[in-house]
Amino acid sequence: MKNFSLILFLGIHSLLISQSQDYSTLVNPFIGTGGHGHTYPGATEPFGFMQLSPDTRIDGWDGCGGYHYSDSVIYGFSHTHLSGTGVSDLGDILIMPFNGKNQWNNGADQRDGYGSVFSHKNETANAGYYSVLLDDSDIKVELTSAAHTGFHKYHYSNKKDKKLIIDLDHRDHLLNAEIKKINDSTFVGKRISKGWAQEQHIYFVIQLSEKIESECTIRNEARYFSKLILKFNSKSHDLLIKVGISAVDIDGAVKNLETEIPHWDFEKTKLATKQKWNSELSKINIKTIDKDKEIIFYTALYHSFLAPNVFSDVDGRYRGTDLKVHQTNLTQYTIFSLWDTFRATHPLFTITQQQKTLEFINTFLNHYKNGGILPIWELNANYTKCMIGYHAIPVITDAYVKGINDFDTDLALEAMLYSAELKHLGLDAYQKNGFISSQDESESVSKTLEYAYDDWCIAVFADSLGKDSIADVYYSRSLYYKNLYNPESKFMEPKFNGGFKDSFKPDEVTFDYTEANSWQY
């Protein structure tokens, strides 16, 4: 206990020293946008629902974040993005400033379009801010954001030719869309789409700092008004745009915008978002003579704090996993890639995000109440049926044993038991035989080991609540991992037809493991 107290003291001491340091300058959002990093460089606040970022890649595996550093054309700036995932989605409500001839096509098909060439030498990004010069139109773009609201600032060198396009047909398949004019400077609408998430709802309000001079719209193949081109008068070189979004309805988007950015001061919002990032990043203070190591560390911490994303509106309403609207007193979140995050990210959150950890757990319980199951990989109220295990359980147990326990523990245990007794994804064979074999299910070794670990977490949680009989069952099940241990090779090996599979190679990546080999597992 003395050692723990010392560490705790040093942690508090570090926090006190770090208040004067500008941690946002140590974040480089371009890290991860090349190679197979799948990140985006745009503007967002910590855990924000709004991720306002440039789109340079419409599809493909390396287009998951919407941007790749090797690209040279920007198609526009959309308001939702995924960071670090292996499947693409989002990219809602693309806006692109331009001048000259009206273009409905983005140009990704090599035909003329509204996309523009850009250069990295004229591009800047840091925590909560992004800017770029669009070479084709000589328009400077600046972006910042609040939790549900994006703030665009466009500087047109030719103020007599100010245009922009709003494209709801961008990226994933459009199920329904609407753009409605409220007045000469305000538009509202919705975008319901299908991608990785099978039914994703986004409602929006767009406010312009100038009245429009003219407008024209186009219907897509499904006959929805999905694109809108606006032309402005020549009062100023600058055009400001605020975009509020909600997963609930248009009223929610309007309330979110009015609450978060009721003014037209771009710099004020930029500074406020920077301060939020500094508040989060200062929770861990490191010292090193190597500045590059500081940038790597704080950019990694920044990426850790991009998700989960706030999903409820400022009035507490949210769309549940039954796709109906519900009310909560705590913040509801989305984007839980739990196979990726239960091992390290969520344990980090128990140290740096204790209140949010409680809110994450209540979100899981709402997922269970609304949709009937704890999340495995949840995306904007949709179960993606992706990845393995039932890893909401270790997140709950880890928090509980660390004293983050102000939630409905009986409901949590009920949800855990429900997840563990389902008959899908190899669980029926696991429950019957004590392991999953290759002929039962793909990724059989990984699933067996991870179910066993999750069962141990159920046992610990039940034990902590004094539920001895339940704990005994799951302590026993947690030992199922031993059934895949080969004492001769000392590896966890796949089984086939009752014995170990032939031609086992511990360094070989096969369908018996999840993105790994036996050495890693």
Side-chain angles (χ1 to χ4, degrees), residues 1 4 308 321 328-333 336-378 383 387-428 430-431 434-436 446-483 521:
M1 186 57 70
F4 176 77
T321 42
T328 182
N329 295 323
L330 291 171
T331 304
Q332 184 83 359
Y333 289 83
F336 288 98
S337 67
L338 286 161
W339 183 81
D340 305 285
T341 57
F342 84 93
R343 295 172 181 83
T345 305
H346 279 284
L348 172 67
F349 290 160
T350 64
I351 302 169
T352 63
Q353 307 291 341
Q354 295 185 348
Q355 176 59 30
K356 284 186 173 60
T357 293
L358 178 62
E359 292 169 344
F360 298 156
I361 292 171
N362 277 286
T363 294
F364 297 163
L365 299 182
N366 284 337
H367 287 158
Y368 174 67
K369 288 189 292 185
N370 302 155
I373 190 172
L374 288 172
I376 296 175
W377 212 128
E378 179 272 345
Y383 292 122
M387 304 317 293
I388 68 171
Y390 25 91
H391 294 317
I393 290 169
V395 174
I396 297 170
T397 300
D398 184 43
Y400 183 84
V401 299
K402 291 176 179 175
I404 304 171
N405 50 27
D406 188 17
F407 56 89
D408 188 336
T409 54
D410 289 337
L411 180 63
L413 184 59
E414 175 191 316
M416 290 178 177
L417 299 178
Y418 179 82
S419 294
E421 297 303 330
L422 290 169
K423 305 297 181 185
H424 67 169
L425 303 174
L427 268 172
D428 47 350
Y430 171 83
Q431 294 158 5
F435 64 91
I436 303 169
S446 297
K447 288 177 180 175
T448 299
L449 299 184
E450 298 201 26
Y451 288 148
Y453 174 73
D454 291 342
D455 285 347
W456 179 77
C457 291
I458 295 174
V460 170
F461 190 70
D463 204 347
S464 301
L465 298 179
K467 311 282 187 180
D468 295 345
S469 59
I470 295 173
D472 289 344
V473 169
Y474 286 92
Y475 277 132
S476 177
R477 270 178 47 163
S478 73
L479 300 179
Y480 286 176
Y481 75 90
K482 294 183 177 182
N483 295 328
Y521 265 94

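Owing to the predicted nature of the structure, the values given are computational and were not obtained by experimental measurement. Computed from heavy atoms alone, side chains included, the values below leave out hydrogens, waters and symmetry copies.
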Exercise. What are the two closest heavy atoms between Tyr383 and Leu374, and how far apart are they?
Worked result: CE2-O, 4.3 Å
Problem set entry | Student check: side-chain heavy atoms of Tyr475 and Asp463 closer than 4.5 Å | yes
Problem set entry | Minimum heavy-atom distance between Tyr418 and Gly372, given as atom pair plus value | CE2-O, 3.0 Å
For this session: Look at the side chain of Ser476 and the backbone N and O of Asp472, then say whether any donor-acceptor pair between them is shorter than 3.5 Å.
Result: no
Problem set entry | Charged N-O contact under 4.0 Å between Glu414 and Lys467 | no
Exercise. Just by distance, do the side chain of Thr397 and the backbone of Phe461 share a donor-acceptor pair under 3.5 Å?
Worked result: no
Exercise. Is the count of non-hydrogen atoms from other residues, nucleotides or ligands lying under 6.0 Å from Trp456 atom CH2 greater than 12?
Worked result: no
For this session: For the pair His346 and Phe360, name the ring-plane relationship: parallel under 30°, tilted 30 to 60°, perpendicular over 60°.
Result: perpendicular
Problem set entry | Donor + acceptor pair across side chains of Asp455, Tyr480 (<3.5 Å) | no
Exercise. Thr321 side chain to His367 main-chain N or O, any donor-acceptor pair under 3.5 Å?
Worked result: yes
For this session: Write down the atom of Ala462, the atom of Ala471, and the distance for their closest heavy-atom approach.
Result: CB-N, 3.9 Å
For this session: Determine, stepwise, if the pair Val473 / Ser469 fulfils side-chain contact (heavy atoms from CB on, under 4.5 Å).
Result: CA-CA 7 Å; Val473 169; Ser469 59; over 6 Å; no
Exercise. Of the non-hydrogen atoms in Glu378 and Pro375, which two are nearest, and what is the gap between them?
Worked result: CB-CB, 3.9 Å
Problem set entry | Main-chain N/O of Arg477 paired with Gln431 side-chain donor or acceptor, under 3.5 Å | no
Exercise. Asp454 side chain to Tyr390 main-chain N or O, any donor-acceptor pair under 3.5 Å?
Worked result: yes
Problem set entry | Other residues, nucleotides, ligands: >12 heavy atoms within 6.0 Å of Lys423 NZ | yes
Exercise. If you measure only the distance, is there a donor-acceptor pair under 3.5 Å linking the side chains of Tyr333 and Asn362?
Worked result: no
For this session: State whether the number of non-hydrogen atoms from other residues, nucleotides or ligands found under 6.0 Å of Asp408 atom CG is greater than 12.
Result: yes
Problem set entry | Residue pair Leu358 / Phe407, side-chain heavy-atom distance below 4.5 Å | yes
Exercise. Do side-chain atoms of Asn483 reach the backbone of Gly434 as a donor and acceptor pair under 3.5 angstrom?
Worked result: yes
Exercise. Below 4.5 Å, heavy atoms only, C-beta onward: do Phe349 and Thr341 meet side chain to side chain?
Worked result: no
Problem set entry | Met416 CE to Ile458 CD1 distance, which is reported to the nearest 0.5 Å | 6.5 Å
For this session: Step by step, work out the side-chain contact (heavy atoms from CB on, under 4.5 Å) result for Thr357 and Lys402.
Result: CA-CA 11 Å; Thr357 293; Lys402 291 176 179 175; over 6 Å; no
Exercise. Less than 4.5 Å apart, any side-chain heavy atom of Phe342 and any of Asp398?
Worked result: no
For this session: Check whether any side-chain heavy atom of Tyr451 lies under 4.5 Å from a side-chain heavy atom of Leu425, and answer yes or no.
Result: yes
For this session: Taking all non-hydrogen atoms of both residues into account, name the closest pair between Leu427 and Ser419 and its distance.
Result: CD1-O, 3.5 Å
Exercise. Are the side chains of Leu422 and Ile373 in touch, meaning some heavy atoms are under 4.5 Å apart?
Worked result: yes
